Amino acid sequence: MSTVAQALRPATTSLNAAQALSALDTPLDSLPVINLAELGDSTRHTPAHARLARIARDIGFFYLEGHGIAPEQIERLEAVARQFFALPPEVKQRIAIHHSRHFRGYTGVGGEITRLQPDLREQIDFGEELEPVAQAADTPAWWGLQGPNQWPAELPQLQSDILAWLDTTRDVAKRLLQAFLVALEQPATALNALVAPPHNNRLKIIHYPGQAQGQSDQGVGAHKDGGLLTLLLQDQVGGLQVQTPQGWLDVPPRKNAFVVNIGEMLELATNGYLRANVHRVLSPRSGVSRYSIAYFFSPSLHAQEVPLLDLPSHLAQQARGPESDPLNPLFSHIGTNALKGRVRSHLDVAEKFYPAQFALLDKTAKPSAY
Ligand SMILES: O=C(O)CCC(=O)C(=O)O
Ligand SMILES: [Fe+2]
C-alpha cells in the first residue's frame with residue numbers, strides 16, 4: 001500500500017461544502033443550461049466557453065442540451081430499464097453484483113450504503129464491455145475492475161441498448177470534456193490519453209421506489225461522484241438535489257437534457273479549480289417510482305495517473321486545491337482510487353473478491369455512493 005500513499009497528491013485541503021462553493025455569491029434558484037452545440041469549436045475560446053468555466057466552477061452542476069442524441073434512443077433506453085425493474089426478484093438476483101469481481105450487476109434496495117444509511121434504490125451497474133485482465137500473483141487488484149457485464153437473459157434488448165448508450169454517451173462526454181479544456185485555456189486534446197481506449201466508463205440504471213411518510217427518504221445519500229463527468233438522465237418525478245451554501249437546491253427534470261456534474265478526478269486534474277459537488281436523491285412518495293440513468297465518464301485504468309493540468313496563472317490563482325476527506329482520501333492513481341470507491345460502496349463484492357482491501361476498510365466511516 002505504500003505506493004498508494006505516495007500516489008496521493010499532498011496538497012489537499014479539507015473544506016466543507018459551503019466553503020467549497022464560496023465563489024457562489026449570488027444564490028441560485030435554478031440550474032444553468034449549457035448548449036453543447038455552441039461549444040463545438042475546439043480551436044477557439046468563445047464566450048460560451050467562458051460561461052461554461054464559470055458555471056462549472058461556481059456550481060459544478062448544469063443541464064446539458066444540444067447533445068444531438070435522438071429522443072427516441074433516450075425513450076427506448078428508459079423503457080427497457082423500467083422493464084428490467086419490473087422482472088421478478090429471482091430473475092434480477094440471478095445477475096446480482098456479488099457474482100462479479102468487476103462490480104457489474106444488480107443491487108437490491110438497501111444493498112448500497114451511503115453515510116451509514118442504506119440507499120433506498122435498486123440498480124444495475126454496467127461498464128465498458130471488455131475482457132478481464134488475467135490475475136497473476138503480482139497483478140494489482142484494481143485491474144479486476146475491467147471485465148464483462150452481467151446481462152439478464154430474459155431481456156436481451158437491455159444489452160444492446162446499454163452497449164449503444166455507452167458508445168453514444170461516451171461521444172457526448174468526450175466533446176464536453178474538450179469544451180471544458182478549451183474553457184480552461186488548454187489544448188482540446190490535453191486529456192485525450194486519459195480517456196483513450198480501453199475505456200473505463202460506467203453506467204447505472206436506477207429505480208427509486210416510493211417511501212411512506214415517516215420512513216427514511218434516502219434514495220441515495222449525500223455524496224460526490226468519483227469520475228471525470230457524470231451525465232445523468234432522470235425521469236419526470238424529481239428528487240435530485242445539489243448542495244449549495246444556501247442549502248439543498250432542487251434539480252427538477254428537464255426533458256431530454258442531461259444533468260451534468262463534475263467528478264473528483266476532474267477536480268484533481270484542475271487542482272480544485274473545478275469542484276465535484278455534493279448531491280443526493282430524496283425518495284419519491286409512496287406509490288410513485290423514480291427512474292434514472294447515470295453515466296460516469298471516467299479515466300482509463302491504463303492511463304495510471306490523473307495528470308495535473310497547467311492552468312494559466314489567472315485561473316490557477318482561483319484553484320482551491322482538491323478537497324480530500326481524511327476518512328475517504330482521494331488518490332491520483334486511477335485504479336487505486338476507482339477500486340477504493342467500488343469497495344466502499346459494495347461490501348459484499350469487496351469481501352468476496354478483494355479481501356485485502358475489505359480488511360483495510362473502516363466499516364463505520366462510510367463512503368461515497370459512487
Ligand atoms: O439518480 C440520480 O438522480 C442521481 C444518482 C447519483 O447521484 C449517483 O448514482 O451517483
Ligand atoms: Fe452521484
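First listed ligand is number 1; within each ligand, the first listed atom is number 1. Keep in mind the model is a prediction, meaning the values are calculated, not measured.
Counting only N and O atoms by type, the side chains of Gln83 and Gln157 include no donor and acceptor under 3.5 Å apart.
Under the rule for a salt bridge (charged side-chain N to carboxylate O under 4.0 Å, His left out), Asp348 has no partner lying at least two apart in sequence or in another chain.
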side-chain contact (heavy atoms from CB on, under 4.5 Å) between Val343 and Phe103, intermediate numbers included: CA-CA 9 Å; Val343 158; Phe103 292 90; 4.1 Å; yes
- prompt: Checking salt bridge (Lys or Arg N to Asp or Glu O under 4.0 Å) for the pair Asp167/Arg170: CA distance, chi angles, key distance, verdict?
  reply: CA-CA 5 Å; Asp167 288 342; Arg170 186 191 313 116; 3.0 Å; yes
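Atoms of ligand 1 found under 4.0 Å from any heavy atom of Val281, numbered from 1 in the order shown, are 1 (O), 2 (C), 3 (O), 4 (C). Every atom of ligand 1 with a heavy atom of Tyr208 under 4.0 Å away is listed here by number and element: 1 (O), 2 (C), 4 (C), 5 (C). Those atoms of ligand 1 with a heavy atom of His279 less than 4.0 angstrom away are 7 (O). Close approach to Arg121 involves these atoms of ligand 1, each under 4.0 Å from a residue heavy atom: 5 (C), 8 (C), 9 (O). Applying the 4.0 Å criterion to heavy atoms of Ser292 picks out, from ligand 1, the atoms 1 (O), 2 (C).
Neither the backbone nor the side chain of Val259 comes within 4.0 Å of ligand 1, counting heavy atoms alone. Contact annotation: for His223 versus ligand 1, heavy atoms closer than 4.0 Å belong to the side chain alone. Residue contacts with ligand 1 for Asp225 involve side-chain atoms from C-beta outward but no N, CA, C or O (heavy atoms, distance under 4.0 Å).
Residue Arg290 places a heavy atom under 4.0 Å from ligand 1. Using a 4.0 angstrom heavy-atom cutoff, Gln123 does not count as in contact with ligand 1. Using a 4.0 Å heavy-atom cutoff, Lys204 is listed among the residues neighbouring ligand 1.
The two residues Gln146 and Pro198 come nearest to each other via the heavy atoms OE1-CB, 4.4 Å. Pro148 approaches Glu129 most closely through the heavy-atom pair CB-OE2, 3.6 Å. The heavy-atom pair separating Asn200 from Glu128 by the smallest distance is N-CG, 4.0 Å.
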For a quick test of your reading: what N or O donor-acceptor pairs under 3.5 Å do the side chains of residues 176-197 make, sequence neighbours left out?
residue, atom, partner, partner atom, Å
Glu185, OE1, His314, NE2, 3.4
Glu185, OE2, His314, NE2, 2.9
Gln186, NE2, Leu184, O, 3.2
Gln186, NE2, Asp310, O, 3.1

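Ring planes of His207 and Phe85: tilted class, angle from 30 to 60°.
Atom NE2 is the N, O or S atom of His223 at the shortest distance from the Fe ion (ligand 2). Residue Asp225 approaches the Fe ion (ligand 2) most closely through its N/O/S atom OD1.
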